[in-house]
Amino acid sequence: MNDEIVELAGRRPKTFGRRKMTPRACVADGKRHLRAFLAEVLEDLGFVTSECASAEELQTILASDLPDLILLGISADGIEPGKFLETLVREAFDGKVLAVGARESIIVRAVQQVGEEYGLAMLPPLTTPFAAETLRERVAMLLPEEPAPSPAVHVGEALHAGWLELWYQPKIDARTLIRNGAEALVRMRHPTWGVVPPAYFIPEAHDPHLRDLSEFVIERAVQDWHYLLEHQSPVDLSINLPASYLREPRAVNDLCRRMPTHPAFGGLTIEIDSEEAIRDLDHLAEVAREVRLHNIGLSIDNLGVNWPSLMDLGKIPFIKLKADRHFVTGSGDDRLKRTVCRHIVELAQGYGVGAIAEGVESRADLVAANELGFDLVQGFLFGKPMPLKKFARSTLTRTVLE
């Protein structure tokens, strides 16, 4: 360790400003794959994360991101921890520091001792391998006790600032349990509030920014498809669009123009809320005919007790019908839910289209979906929506019926 820390430690600490509702953490580790793993675990706990591989990068993050926690990865062939401790002392870091390294590591013990001697708030070190719950226990004091209030951020501001991204939830073949595509779900990564679900920023139907948001979803989904093709394998994606967007001048032409021309492109599914879809069936039939030539299909989303509106139509412009999660979750034990789901499956089979059960959160839900005849299932049992890079790394490694 550098003796310069002694001098730096005597300086008066500075305060990094107001306490943020969503905690922020910086993962400092020389190995990129370890940084990604540790950041992923912290994000699952509710942190907004950043990463750095050098003391210079850490200094920049301390000034811009104002982290509450520094997770310091330590290995024999990794970063020089002394330089990181020097930077923390020099910048008068007043948050928590958590050293992560091998059990019985001399270096981990040295970092812990030196950090404590020079006034850094060192948490008990985390030895590898560790469970996520152990990490949660270490950082529990930084997690907010209650959910943060909804941020007042307009989607126009989020689009301009680049805060929006798409997260992906896998769709699973109900019989083989093999992944069969994914649904893209828009999220906001706000610099203060962290990851914000769409209920807090999706604009009203009359808001002109709804078109901008729709175009963002289309463009980003195509970019992400190419990323997945390069890093994993081609994945059939579905996106959510309002029916009103498909009435915009040139919207359908622009949508078709953006589709990948790569031979591995298996198609894009556009999910439309059932209430909107039922109101606009005639126009959507025209749209479906136009986009079919470009490997795009329409799907109806959130179908529930309004399923009778789709009866006796001769044909429908949709390639899939998705049951509302409210009627899927717990359908194994609820007669009413099971009845609604059965009618949706029968409706889909009658039209020769696929049936999807969204909201499969338990083994009982999965068994019920199988018995009812759903083709695809989707829900927390198989994975929550996750950022693109995490989705690209993920694979279905277990059979949930075992």
Would you say the side-chain atoms of [X] pair up with the backbone N or O of [Y], donor to acceptor, closer than 3.5 Å?
X	Y	value
Asp65	Pro67	no
Thr339	Arg335	yes
His262	Ala264	yes
Glu276	Ala243	yes
Asp29	Leu34	no
Gln112	Leu123	yes
Arg138	Pro125	yes
Tyr351	Leu313	yes

>> Evaluate Ser274 against Asn306 for side chain to side chain donor-acceptor pair (under 3.5 Å), listing each step before the verdict.
In response: CA-CA 8 Å; Ser274 62; Asn306 53 351; 3.0 Å; yes
> Only one of Gln169, Lys171, Glu183 forms a side chain to side chain donor-acceptor pair (under 3.5 Å) with Ser238, so which one is it?
Replying inline: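 The option that passes is Lys171.
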> Under the side-chain contact (heavy atoms from CB on, under 4.5 Å) criterion, do Phe265 and Leu229 qualify, and how do the steps go?
Replying inline: CA-CA 9 Å; Phe265 179 60; Leu229 177 66; over 6 Å; no
> Which of these passes side-chain contact (heavy atoms from CB on, under 4.5 Å) with Val111: Leu72, Ile106, Leu120?
Replying inline: Leu72
> Please walk me through it: do Met188 and Val155 pass side-chain contact (heavy atoms from CB on, under 4.5 Å)?
Replying inline: CA-CA 9 Å; Met188 178 195 298; Val155 69; over 6 Å; no
With a 4.0 Å cut-off, would you call [X] and [Y] a salt bridge?
X	Y	result
Arg189	Glu43	yes
Arg187	Glu165	no
Lys389	Glu40	no

Side chain proximity check, [X] to [Y], heavy atoms < 4.5 angstrom:
X	Y	value
Val186	Asn240	no
Leu166	Leu185	no
Leu143	Pro23	yes

To the nearest 0.5 Å, what is the distance between [atom1] on [X] and [atom2] on [Y]?
X	Y	atom1	atom2	result
Ile272	Leu284	CD1	CG	4.5 Å
Gln113	Glu117	CD	CD	4.5 Å
Leu303	Glu358	CG	CD	12.0 Å
Leu237	Arg220	CG	CZ	13.0 Å
Asn370	Asp375	CG	CG	10.5 Å
Ile172	Gln378	CD1	CD	9.0 Å

> Above 12 or not: heavy atoms from other molecules or residues under 6.0 Å from CZ of Arg250?
Replying inline: no
>> Taking NE2 in His283 as the centre, count heavy atoms belonging to other residues, nucleotides or ligands within less than 6.0 Å. Is the count above 12?
In response: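 Count over threshold, so yes.
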>> Is there a side-chain contact (heavy atoms from CB on, under 4.5 Å) between Leu58 and Phe84? Walk through the geometry before answering.
In response: CA-CA 8 Å; Leu58 176 61; Phe84 280 80; 3.4 Å; yes
> Are Lys337 and Val328 close enough, and set up right, to give a side-chain contact (heavy atoms from CB on, under 4.5 Å), and what steps lead you there?
Replying inline: CA-CA 7 Å; Lys337 291 183 178 182; Val328 173; over 6 Å; no
> Between Phe391 and Arg179, is there a cation-pi geometry (under 6.0 Å to ring centre, at most 45° from the normal)?
Replying inline: yes
> Step by step, would you call Asn302 with His326 a side chain to side chain donor-acceptor pair (under 3.5 Å)?
Replying inline: CA-CA 9 Å; Asn302 303 323; His326 174 76; over 6 Å; no
>> Over 60° means perpendicular and under 30° means parallel, so tell me whether Trp307 and His343 are parallel, tilted or perpendicular.
In response: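 Geometry flag for His343 against Trp307: parallel rings.
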